[in-house]
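Notes to accompany the following structure.
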Amino acid sequence: MAKKALRAAIYVRQSVREDQGISQQIAECKRRVKGEGWKLVETYNDNATSATKERGEGTEWARMLVDIDAGKLDVIVSVTAARLLRRMVDVYELTKPKRDVRIVTLRDGIDTSTLGGRMMLTMLVLFAEAEIEEKEARAIPYRAARREAGHPAPGLVPYGYRWIPKLERDEKGTRYAVVPAEAEVIRYMSRELLGGAKLGEIVRALNDQGKVTRKGARWTASTVRRLLISPFQAGMLPPPMPEDTRPDAKRPRMPYNPEAFTWSECVPGAWEPILSEDAVIVARGILLDESRRTHDGNTKAKHLLSGVGRCGKCHGPMRATLTKTTNPVRGYRCTAGCFQRPASIIEGFIAEAVIKVLSAPGLLKWVDDDGQDIDALRAAREALKARRAEAEGLYRTGKLSGSTFSLMVDEIDAEAERIDHELAEAIRVNPLAEFVSVDDVRGLWESLSTGRKRAILSALVYSADVLPVGKGVRVKTVEEAEGTIVLKWRRAEHRVSWDTGETTHIGKVPTEAQAAISAALN
């Protein structure tokens, strides 16, 4: 009778995400499995996973242990013992009497089917633990120097970047390189948020456009929020996370949390930013404001005419609705019952009118340039960062007591938070600004989320009056909607301010734009 082939599994791991290294490990292990005549039943891939800490739920290591307990595996194959095991506790875990599994490592020649192989495995892991402790001691000054140079630690790479292997780094040792496609998604998120869109609207727009996360999943509000408040996107390095003081803590440091520190604690990083520092500070001001945490402070504004639409007959408010038919159609209805009309025609008519206005020449003069002195706010923020650094230096040298240092830092951070809020208001994106120099106005408008479109519409009109069309009358096209929708445009004088040579804040419609704007508005 032929001997039954052993069921083998391959385990591969590395601390830094680098697909090439993983594929090389897998190929080497497959050659050994094939050469032994074993049956390969599974490959466990722990890419970007450290073995010096607990590999718990969600890791391939944990899944492998479950499969061993289920009796699915006879042999575990890895390129080296270090890729499989780095702690004695993991040796005990993998070699428990109830886990009757053979371990084979290729480059160091270990095979636990023999007593010598089991002893060698234990000795190698003991040496590895000692090496880890020594390495940890050496790493303390190295980490300090690395942080001073602005380099991030190995590990999970932020969305928008890829890790640069050591052999490919430039003379500065840069470790992050921008991924263009991901960077464009982040810039889109930022433009939408600073233009007035809510998180939910940004998420819907991304998913409707077929954009997915790095793992191929749909976007969620929590993921978008986490990206927009991250200092990494602005080329800034956050402070090391504080120690984990929970009773069941397995590691000395808490997981990275972009909400757990102030901006003044970040230092410039040695990689190319995707967003400006101001853009991330503004996003943090918006998204970390507790008053906005529930539904971004607004649960109603979900449609283009929210806030500006009203009935042209009774002047009462309108509401979004669905027709009560076999195939429901989204529409708008007067709350007093004057009408109910399809939303697509109304919104299509308004979109065409807005696109004509935004395409008019001289739009630059329509964009409000009033506001605070942004440069002064930035200078004040830099001065506070310098004061904080000085206080930290005095505390480290013992020239400041702990209580005095704490009071100084609290005062500085409070002032920095106030300035950041002022800066957020000062540089928040004007809804019209992005259209000043764009060539494809229609394409840009259609790419925006509903929130951005609503902000732009509100900047141009103070109301959109929709009239009843009479019983039995159906408006089927945008052209037929002419005369049934009245847009009450804001006067340019109310939102234009530029230097006319005298100290004045009274603006006027640019001469070269009057004809095009007049045609669009009438």
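Since this is a predicted model, take the numbers as computed values, not measurements. Basis for what follows: all heavy atoms, side chains included, without hydrogens, waters or symmetry-related copies.
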- Query: Would Glu182 and Arg214 satisfy side-chain contact (heavy atoms from CB on, under 4.5 Å), going step by step from the backbone distance to the final call?
  - Reply: CA-CA 8 Å; Glu182 294 182 357; Arg214 181 178 287 167; 2.9 Å; yes
- Message: Atom CZ of residue position Arg218 - does it have more than 12 heavy atoms of other residues, nucleotides or ligands inside 6.0 Å?
- Response: no
- Task: State, to 0.1 Å, how close Ala149 and Ala270 come at their nearest heavy-atom pair, and which atoms those are.
- Result: O-CB, 3.5 Å
- Quick one: does Leu304's side chain get under 4.5 Å of Ile346's, heavy atoms only? no
- Message: Could you walk me through whether Leu199 and Leu287 satisfy the side-chain contact (heavy atoms from CB on, under 4.5 Å) test, starting with their C-alpha distance in whole Å, then the side-chain angles of each, then the deciding distance to 0.1 Å, before giving a yes or no?
- Response: CA-CA 9 Å; Leu199 278 181; Leu287 299 176; 3.9 Å; yes
- For the side chain of Thr335 and the backbone of Pro317, is there at least one donor-acceptor N/O pair under 3.5 Å apart? yes
- Tell me, please, which residues at least two apart from Val185 pass side chain to side chain contact (heavy atoms under 4.5 Å, CB included). Tyr159, Met189, Leu206, Lys211, Trp219
- Item | Salt bridge Glu259-Arg225, side-chain N to carboxylate O under 4.0 Å | yes
- Message: Less than 3.5 Å apart, any donor N or O on the side chain of Thr450 or Glu201 sitting next to an acceptor on the other?
- Response: no
- Using atom types as modelled and distance alone, determine if a side-chain donor or acceptor of Arg13 lies under 3.5 Å from a backbone N or O of Thr49. yes
- Taking the side chain from His315 and the backbone from Asp465, do they hold a donor-acceptor pair closer than 3.5 Å? no
- Query: Quick one: does Arg162's side chain have a donor or acceptor within less than 3.5 Å of a partner on Val179's backbone?
  - Reply: no
- Message: Between Leu193 and Ile202, is there a side-chain heavy-atom distance shorter than 4.5 Å?
- Response: yes
- Task: Go through Arg83 and Asp46 one step at a time and tell me if the salt bridge (Lys or Arg N to Asp or Glu O under 4.0 Å) criterion holds.
- Result: CA-CA 10 Å; Arg83 294 298 181 189; Asp46 266 332; over 6 Å; no
- Does Asp90 reach the side chain of Arg86, with side-chain heavy atoms less than 4.5 Å apart? no
- Query: Between Glu168 and Arg175, does at least one N-O distance fall below 4.0 Å, as a salt bridge requires?
  - Reply: no
- Message: For a 4.5 angstrom cut-off between non-hydrogen side-chain atoms, does Pro154 reach Ser15?
- Response: no
- Task: Starting at CG of Leu227, measure out to CG of Leu275 and round the result to the nearest 0.5 Å.
- Result: 9.5 Å
- Query: Under 3.5 Å, is there a donor-acceptor pair between the Tyr188 and Gln209 side chains?
  - Reply: yes
- Here the gap from Ser230 atom OG to Ile186 atom CD1, rounded to the nearest 0.5 Å, amounts to 8.5 Å
- Message: Side chains of Leu194 and Ile286, heavy atoms from C-beta outward: is any pair under 4.5 Å?
- Response: yes
- Without hydrogens or angle criteria, can the side chains of Tyr332 and Glu347 be said to hold a donor-acceptor pair below 3.5 Å? yes
- Query: Going by an N to O cut-off under 4.0 Å, is there a salt bridge joining Arg387 and Glu415?
  - Reply: no
- Query: Taking atom OG of Ser276 and atom CZ of Arg187, what is their separation to the nearest 0.5 Å?
  - Reply: 11.0 Å
- Can you list the steps and then say if Leu305 with Leu457 is a side-chain contact (heavy atoms from CB on, under 4.5 Å)? CA-CA 8 Å; Leu305 297 189; Leu457 182 63; 3.9 Å; yes
- Query: What residues form a salt bridge (charged side-chain N to carboxylate O under 4.0 Å, His left out) with Glu392, not counting sequence neighbours?
  - Reply: Arg388
- Task: Give a yes or no on whether Tyr395 atom OH has more than 12 heavy-atom contacts from other residues, nucleotides or ligands under 6.0 Å away.
- Result: no
- Please report the closest heavy-atom contact between Val224 and Val203, naming both atoms and the distance. CG2-CG2, 3.9 Å
- Could you tell me the separation between the CG atom of Leu400 and the CG atom of Leu407, rounded to the nearest 0.5 Å? 10.5 Å
- Query: Do the side-chain N and O atoms of Ser406 and Ser403 include a donor-acceptor pair separated by under 3.5 angstrom?
  - Reply: no
- With a 4.5 Å heavy-atom cut-off, do Leu228 and Ser190 have their side chains touching? yes
- Compare all side-chain heavy atoms of Arg147 with those of Val267 and state whether any distance is below 4.5 angstrom. yes
- Query: Looking at Gly443 and Asp440, what are the two nearest heavy atoms and their distance?
  - Reply: N-OD1, 2.9 Å
- Task: Provide the closest heavy-atom pair for Lys453 versus Leu448 in the form atom of the first, atom of the second, distance.
- Result: CE-O, 3.5 Å
- Query: Closest approach of Pro158 and Tyr176, non-hydrogen atoms and distance?
  - Reply: CD-OH, 3.3 Å
- Item | Main-chain N/O of Phe232 paired to Trp271 side chain as donor or acceptor, under 3.5 Å | yes
- Task: Return yes if some donor-acceptor pair links the side-chain N/O of Thr397 with the main-chain N/O of Gly393 below 3.5 Å, else return no.
- Result: yes
- Within a strict 4.5 Å, meaning less than it, do heavy atoms of the Leu237 and Pro268 side chains meet? no
- Task: State whether the side chain of Glu60 and the backbone N or O of Tyr44 hold a donor-acceptor pair below 3.5 Å, judged by distance alone.
- Result: no
- Message: Applying side-chain contact (heavy atoms from CB on, under 4.5 Å) to Asn45 and Ile22, what does each step give before you reach the verdict?
- Response: CA-CA 8 Å; Asn45 182 349; Ile22 286 291; 3.4 Å; yes
- Mark yes when over 12 heavy atoms from residues, nucleotides or ligands other than Glu390 sit less than 6.0 Å from its CD; otherwise mark no. no
- Task: Hey, could you give me the CD1/CD1 distance between Ile350 and Ile355, rounded to the nearest 0.5 Å?
- Result: 12.0 Å
- Please report the shortest heavy-atom distance between Ala183 and Val178, naming the atom on each side. CB-CG1, 3.6 Å
- Message: Checking the side chain of Arg284 only, and the main-chain atoms of Pro258 only, is there a donor and an acceptor separated by less than 3.5 Å?
- Response: yes
- Ser463 side, atom OG; Met318 side, atom CE - distance, nearest 0.5 Å: 10.0 Å
